[in-house]
Every structure is written in C-alpha cells, then in structure tokens.
Amino acid sequence: MHLEVFAEGRSLLHILDPRVKIVSFTVFVIFCVGAKGFLPPFVYFLIGFGLVFLAKLEFKKVLARLLPANVFLVFFWVLLPFMYKSNPYLIETPYLKISAEGVYQALLITLKCNAILMATIALLGTSNVFMLAHAMLHFKVPAKLVTVFFVFYRYITVLHEEYLKIKRAALARGFVPKNSLQTYKTYGYLVAFLLIKSFERSEEVYRAMLARGFKGFFPVLNHFYLKPLDLFFGFFFLTVIFLIFFF
Amino acid sequence: MEKIIDIKGLVFKYNDRVVLDDLELEVRVGDRIGLIGPNGAGKTTLLYIIMGFLKPLKGKIIILEKERKEEKDFIEVRQKIGLLFQDSDSQLFCPTVKEDIAFGPLNLGKSHEEVKEIIDKVAHFFGITHLLERPVYKLSGGEKRLVALAGIFAMNPICYLLDEPSAGLDEQSKTKLIEFLKTQSTYLIVSHEKDFLKEVSNKIFKLEKGKLFQLL
C-alpha cells in the first residue's frame, strides 16, 4: 500500500517548509469550520481546490480520496432537509416538507468538509510523514506522542504488506473464496496469523531498533530552514484566510 | 501440451523504473531452469507476474496454451503451478503444519480422506512427520522452508516456481531439497548459488536489465 501518493512531487507546496504548512493548515481548518454565511465557506472551498491545483496533484487520485467522505455526506443531504422545522420550506405539502434551512446546512457541511479535505491533501499530504513528525517536534509536541504517531503510521503499511503476503500465499495455492466452511476457516486463519505475525514483526523491529541504540525517540537528521518563500507563502495564505473570514 | 509457460514482450514498471523490458520466456515440459540475476533485477517480479499477482504493462502471458489476462484466468494457473515464496514466513499461515499442507489440496477440491493420504505421503517424503502437529510459527527457518515446499508438493503441480529455495538451508536440508528436485521434471528456480543451480538445472538464464540471457 502506498500511503504517501501525494508526497512525491516538485510543486510549490512540496518544497514548502512543513512547519509553515502545518500552521497554515491549522488556521485554515479553524476558520473554515467557523465560517458563517454562504460566501466565506464557498471561497474556502475554492481555496482548497486552488491548493490541490497548486500542488499539481492528479485530480483523479484526489477525487478517489474525496469520494468516500462524500458518500458519507450523502446522508446529510438525505436527512437534514427533513429534520429542520424552520420556515421557509422549499416544498410544502401536508405530508412532505423540505426545509430550505436544512438544504443550506447540508450544503455548508459539504463545502466545508471538502475544503478541509482538499487542504489536508494539498498541505499535509505533500509532506511525507517523517517530515510531519519532525515538524511536530519543532512545535514542542511531546516526543513520545510523535513517536507513537510515527510508528503507528509506519505500521499501517507493514500490516497491509503482511496482509497482502498472506493473501498471496492463499491464492498461490488455489484458494478461491466460496460460501463454505473451508473458506471461513481460511479467513479465520488469515486474521489470526496476521495478528501473530504483526506482533512478531513489531517485536523484531523493536529489537532491531534497540540494537541500533534506540532510546525512545527518533533523532532528527535534517533540520528545516525557513526560506523567504516559506515566510511569504505563510503570510500571504494567512492574510487571505483572515480577510475572507472578516469580510 | 508442450509449452507450460510462454511469455512474450513482457514490460513491467515499478513507478518509473523499468524492471522487465521486452522479456521473453518459455518453459516446456521437462525444462529445469535456473534463474540468476542481481538483487532487484526483477526475478521475484517475474514469478509474481506468472502467478497473476502483478499486472504487466505490456506483453502476452500464455500459460497452458491460454492467454491469461484477468484475475479469473489465473485461478487455473495457481492450481497447476506451484510457487515457493522467497520468505517462507509469507507462505505459512495455518495454525499447524498439518493444516498448512492440507490447505492446497482442499482448495483443489480433494476429499478429507484423500487429503489425509496426501499429508502422510508428503510428510514421509520430506521427513517431517514429527512436525505435523506443531504450530508453524514455532518452526526453525529450515523447517519452515521444507514445510512450505511440502505444502506445494501436496498440490502436485505440473511446474514449480521456486524463489531462492536453498537460501539459508543447512547441508542436510539442502540435500533433501536436491533429492526432491530430482524427482520433479519441470521447474524454474531463482537462486544466487551457481553450484546449486548447476546441479539441479539443465538451462540457466541470467536476468539483467529487464531481459533474459541464456548462460547454459
């Protein structure tokens, strides 16, 4: 599994200092969530879109990431218009009332959610996790927390690799899933073995880390240097966000 | 049925790195092929493509005289060609050795009686009768390799693909492996050990820069 599909690239957002991106992202999220009216959230949505464009990411891949979240949002569109009891109604019959306020709320949630997702992909997704963990250390996030975050992330991939290996092993010996006891037994074995193997693997990796002098935190090799471009981007981006929010 | 595997114009890339470039490979009944090549040359990739785990960018894969393209085309391939993984740990996943050996034959639709017979036969052949009830994750490296091989042998494939079967084996286990190979007629072995390959193969290919070159 390739989790860092967006981290490879040479766009402006890829070369920015991760610290600037984290600050920009955090402020963006806070203001986007708090934005009122229709226009500000819509402009934030456009900014999210613009960031994806600026990061020169493949739209197909970005859309593939946005899709699951939007499937979830469909429920808001189905439920909210019927839940609000406020006037005015878009459609009003004795049996069916669709509230304009409900539609508006669903729209707002959709806009904000997609804006934040796109900003996450474009700002955080364009750094690899090691850089983000490193940047978190600079923000005085406790080293233990950062290590947990990093190792956790690192092992999602390992778990997935283990899963693929076991699946291949089963397929290689002619396993075809059917509705049979044999199939369910096999799946049971797969899951059980996945647990055992990931546990063993983690122990082994831990031993390998200890063998190389691991003391509970990751030492940092390359340090960040703020470039004028970083400062300019951060300043410009934050100003735009403030301006949109207050006008 | 002369040709078991017939690959033409195979191209495979990992991201932008070309691993296999217009590769040709033929495996006929009776071929005992040795495959060598530097690390990262794409030997395992080639085996995975034959088994349908990886999809090539270009090229024709004809196995058992049928072109294989989609996942469902490879079901038959996997039943008839046995792959020994480079890392035995990735092959064994059933709780006990016995169940692991039974896994393949059960997938072939054998009855429980037949499977029991197969287990006995295979265990005798490899001299692992004493391991049958043991959990697979507690075996030693060499034992794991033998059990993995036994699991494939139990399916009686018409052709074996063995990914570094001799790596990490002691003399005794290696002798067992060579004995086993002498009873088989068709296989393709990936290995770095030239002496071992000379002993067990009648053709040796080198995989380099995405192409195969015949050395022997």
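Per chain, numbering begins at 1; letters A, B, ... match sequence-line order.
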Would the number of heavy atoms belonging to other residues, nucleotides or ligands and lying under 6.0 Å from CZ of F49(A) be above 12? no
Please classify the contact of E99(B) with chain A as side chain, backbone, both or neither, using a heavy-atom distance under 4.5 Å. side chain
If you count every heavy atom of other residues, nucleotides or ligands that lies below 6.0 Å from K110(B) atom NZ, does the total exceed 12? no
Using a cut-off of 6.0 Å, state whether more than 12 heavy atoms not belonging to K8(B) lie near its atom NZ. no
Measuring heavy-atom distances to chain B, does I196(A) have an atom under 4.5 Å in its side chain, in its backbone, in both, or in neither? side chain
May I ask you to check whether over 12 heavy atoms, not counting those of F59(A), lie within 6.0 Å of atom CZ? yes
Taking the side chain as every heavy atom from C-beta outward, state whether R173(A) and Q79(B) have any atom pair closer than 4.5 Å. no
Would you indicate whether K56(A), at its atom NZ, is surrounded by more than 12 heavy atoms from other residues, nucleotides or ligands within a distance under 6.0 Å? no
Any donor-acceptor pair under 3.5 Å linking the side chain of K197(A) with the backbone of D89(B)? yes
Taking CZ in F235(A) as the centre, count heavy atoms belonging to other residues, nucleotides or ligands within less than 6.0 Å. Is the count above 12? no
Between chain A and each of G104(B), P105(B), P95(B), count heavy-atom pairs under 4.5 Å; write down the option with the most. P95(B)
For H130(B), look at atom NE2 and say whether over 12 heavy atoms of other residues, nucleotides or ligands are found less than 6.0 Å away. yes
With a cut-off of 6.0 Å (strictly less than), are more than 12 heavy atoms of other residues, nucleotides or ligands near CZ of F125(B)? yes
Option in L92(B), D87(B), V77(B) with maximal non-hydrogen atom pairs under 4.5 Å from chain A: L92(B)
For chain A, which of L106(B), I75(B), I81(B) has the most heavy-atom pairs under 4.5 Å? L106(B)
Where L171(A) and R78(B) come nearest, the two heavy atoms and their spacing: O-CD, 3.1 Å
Check each atom of E162(A) against the heavy atoms of chain B and say whether the ones under 4.5 Å are side chain, backbone, both or neither. neither
Heavy-atom donor-acceptor pair, R168(A) side chain to F85(B) backbone, under 3.5 Å: no
Can you check whether anything in residues 177-195 of chain A gets within less than 4.5 Å of chain B, heavy-atom wise, and list it by number? Q182(A), K185(A), T186(A), Y189(A), L190(A), F193(A)
Heavy-atom closest contact (G174(A) atom, M155(B) atom, distance): N-CE, 4.1 Å
Under 4.5 Å from any heavy atom of chain A - which part of Y48(B): side chain
